[in-house]
Amino acid sequence: MANHKRIAIKKFIKDLLNDKTICGNNIFLHRYIPFEENYEFPALCIYCVNEEIIEEIQPSGEIRELNLNFIILNRTCSEENFTSDTIANQIESCIAKYKSDDLKFNYIGMNFDASIDDSIYQNETTILSYKVKYFTSYYENNDKLNDLKETYVSY
């Protein structure tokens, strides 16, 4: 079964952010990460909150809007430690530099000290929220983000 574009978009964003924040490559494409005792922090989780069809473009496809959350996980929190703020700034900078008609990013907001029901998420958790607008075709193979770029139509 072919991957949905939202999976390709999340993978693309992971590649966009990989080693460009102090999370390094500790980036996961879901809400929960497989923690180990020696796991390194900070880490980043990217997951889909919801997705809406914005407009149907007959007969070829739809323009959709994907709501994504970026959970920044940091074990240390103090007045001198602004790790989450630094990571949030690095994420915002990477996304702001990305210019394309394929994906339209819209910053929604940030939630500081978000409560997550898991003891592993101690001390500092920050969530950035973005909306990503994209086109999906009824006729394309969704296995790769390149398919998205090759079949995108302007809106």
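Residue indices begin at 1 and follow the sequence shown.
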Within a strict 4.5 Å, meaning less than it, do heavy atoms of the [X] and [Y] side chains meet?
X    : Y    : answer
M110 : E92  : yes
I95  : F70  : yes
I87  : T126 : no
V49  : S129 : no
I13  : F105 : yes
I91  : I72  : yes
I71  : Y47  : yes
L44  : N26  : no

Can you tell me how far apart [atom1] ([X]) and [atom2] ([Y]) are? Round to the nearest 0.5 Å.
X    : Y    : atom1 : atom2 : answer
L66  : N50  : CG    : CG    : 8.0 Å
R64  : E52  : CZ    : CD    : 11.5 Å
D85  : N89  : CG    : CG    : 8.5 Å
Q90  : I22  : CD    : CD1   : 5.5 Å
I46  : K11  : CD1   : NZ    : 12.5 Å
Y134 : K104 : OH    : NZ    : 15.5 Å

Indicate the atoms forming the closest heavy-atom contact of [X] with [Y], along with that distance.
X   : Y   : value
L29 : K14 : CD2-CB, 3.8 Å
G24 : N18 : O-OD1, 3.5 Å
D19 : N25 : OD1-N, 3.7 Å
I53 : E62 : CD1-OE2, 3.3 Å

For L73, which of P42, C23, C45 qualifies under side-chain contact (heavy atoms from CB on, under 4.5 Å)?
C45
Does [X] belong to the same Ile/Leu/Val/Met/Phe/Trp/Tyr cluster as [Y], with side-chain heavy atoms less than 4.5 Å apart forming each link?
X    : Y    : result
I27  : Y98  : yes
I108 : L16  : no
I9   : Y107 : yes
I57  : I54  : yes

Could you walk me through whether F12 and V132 pass the side chain to side chain contact (heavy atoms under 4.5 Å, CB included) check?
CA-CA 12 Å; F12 174 77; V132 182; over 6 Å; no
